[in-house]
Amino acid sequence: MQKPKIVVTRRLPEEALHLLREEASLYVWESETEPIPRDVLLKEVSDAAGIVTNVADPIDREVFDHAPALKVVSTMAVGYDNIDIQTATERKIPVGHTPGVLSETTADLTFALLMATARRIVEADRFVREGKWKSWGPMLLTGPDVYGATIGIIGMGRIGEAVARRASGFAMKILYHNRNRRPEVEQALGAEYRSLDELLTESDYVVLMAPATPQTYRMIGARELSLMKKSAVLINSSRGTNVDEQALYQALKEKRIWAAGLDVFEQEPIGADHPLLTLDNVVVLPHIGSASIATRTKMAVIAAQNALAGIKGEPLLHTVNPEVYEG
Ligand code: DGY
């Protein structure tokens, strides 16, 4: 009997591909860094039972329309804003994702970005490489302190909490804003709840950890940036759409905030001509929050397991839309 087909939109670690191959016939887009061309995706899903994808490939209504036999979509990510969940749910197609395994790794990167931005690590590296280091200077490449400063975390989910634990090790005062209060985090880490405006006004480091939803779309815009301290740093390793990039560019250019560290952008990838890249007070990364070897491998394996469960009609390990199982 022929094995059901799964379309894998990016080459995954061998551990995951091996699992998938045991029970499915695979179409794998072999590049690890180039996205699958749209026409190839639409053609390949026409007889597919499953899709294994990632944050960079839009799985929209058109993809679902081209995939009449589709039984599961599985993304190698915790975020799923690139997938049309409403259409999937209407069509009773479960969507799998990979929460949990990436929280600590993403918090590590978030903190690394915070430290690099505050202490001007990238600028300092460039400075040395460009032969500009002539002598030690009392105020050369100075930045704000991290230890003992106030951090405001917007979005106190698993990753937000992991960032808060790191902040606690740096004796930071921890503020947070979230849809719901988190008494256990308040108790364990001394985190204090604030309204969004209070958090923006009081924090030295504003760290965005909220998912991309219609409610969080450009939640940090010109008004919010104007509430931040002139000495404050904005860190975003959640989703680029949470920030109005044009407003951020203006605030950074006019030095109305100190700096920003960004792992995510409104449109990814950004080109080398992006206006933010003209500014020294910005550290940019190419969406690598969860990019440790171990974590990315675990994510790929869970994505494979979700896809295999889905093609067999079994419950996924982590389902974004469990409503598909009702009725
Ligand atoms: C996610 O999982 O949503 C990240 O953005 C990619 O690791």
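When a ligand or atom number is given, it counts from 1 through the structure's own listing order. Starting from 1, each residue takes its place in the sequence as its number.
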Item to complete: Please state which part of L102 comes within less than 4.0 Å of ligand 1, counting heavy atoms only: side chain, backbone, both or neither.
Response: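 Within the 4.0 Å criterion, L102 contacts ligand 1 through side-chain atoms alone.
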| Which of the listed options, E268, H97, R239, holds the heavy atom that is closest to atom 3 (O) of ligand 1? |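 That would be R239.
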Output the list of atoms in ligand 1 that are nearer than 4.0 Å to some heavy atom of [X], sorted by atom number.
X    : value
S290 : 6 (C), 7 (O)
G79  : 1 (C), 2 (O), 3 (O)
H287 : 4 (C), 5 (O), 6 (C)

Return yes or no for this condition: an N or O of A77 is under 3.5 Å from an N or O of ligand 1.
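No - when backbone and side-chain N and O of A77 are compared with those of ligand 1, no distance drops under 3.5 Å.
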* Do you know which two heavy atoms are closest between N54 and N82, and how far apart they sit? ->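 Heavy-atom minimum between the residues: O-ND2, 2.7 Å.
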Provide the closest heavy-atom pair for Y325 versus P94 in the form atom of the first, atom of the second, distance.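 So the two residues come closest at OH-CB, 3.5 Å.
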Checking a contact table here: which protein heavy atom is nearest atom 2 (O) of ligand 1, and how many Å away?
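Heavy-atom neighbour on the protein nearest atom 2 (O) of ligand 1: V78 N, 2.7 Å.
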Taking Y217 as the starting point, is it possible to reach V264 by hopping between hydrophobic residues whose side chains are less than 4.5 Å apart?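 No: no chain of side-chain contacts under 4.5 Å links V264 to Y217.
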- Item | Transitive ILVMFWY side-chain link L262 to I154, under 4.5 Å |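 Linked within one cluster.
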Worksheet item: Side chains of T105 and S290: donor-acceptor distance under 3.5 Å anywhere?
Response: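 Checked: T105/S290 side chains show no N/O donor-acceptor pair below 3.5 Å.
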Check for a donor-acceptor pair, side chain of K253 on one end and backbone N or O of L276 on the other, with a separation under 3.5 Å.
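Looks like no, no N/O pair under 3.5 Å.
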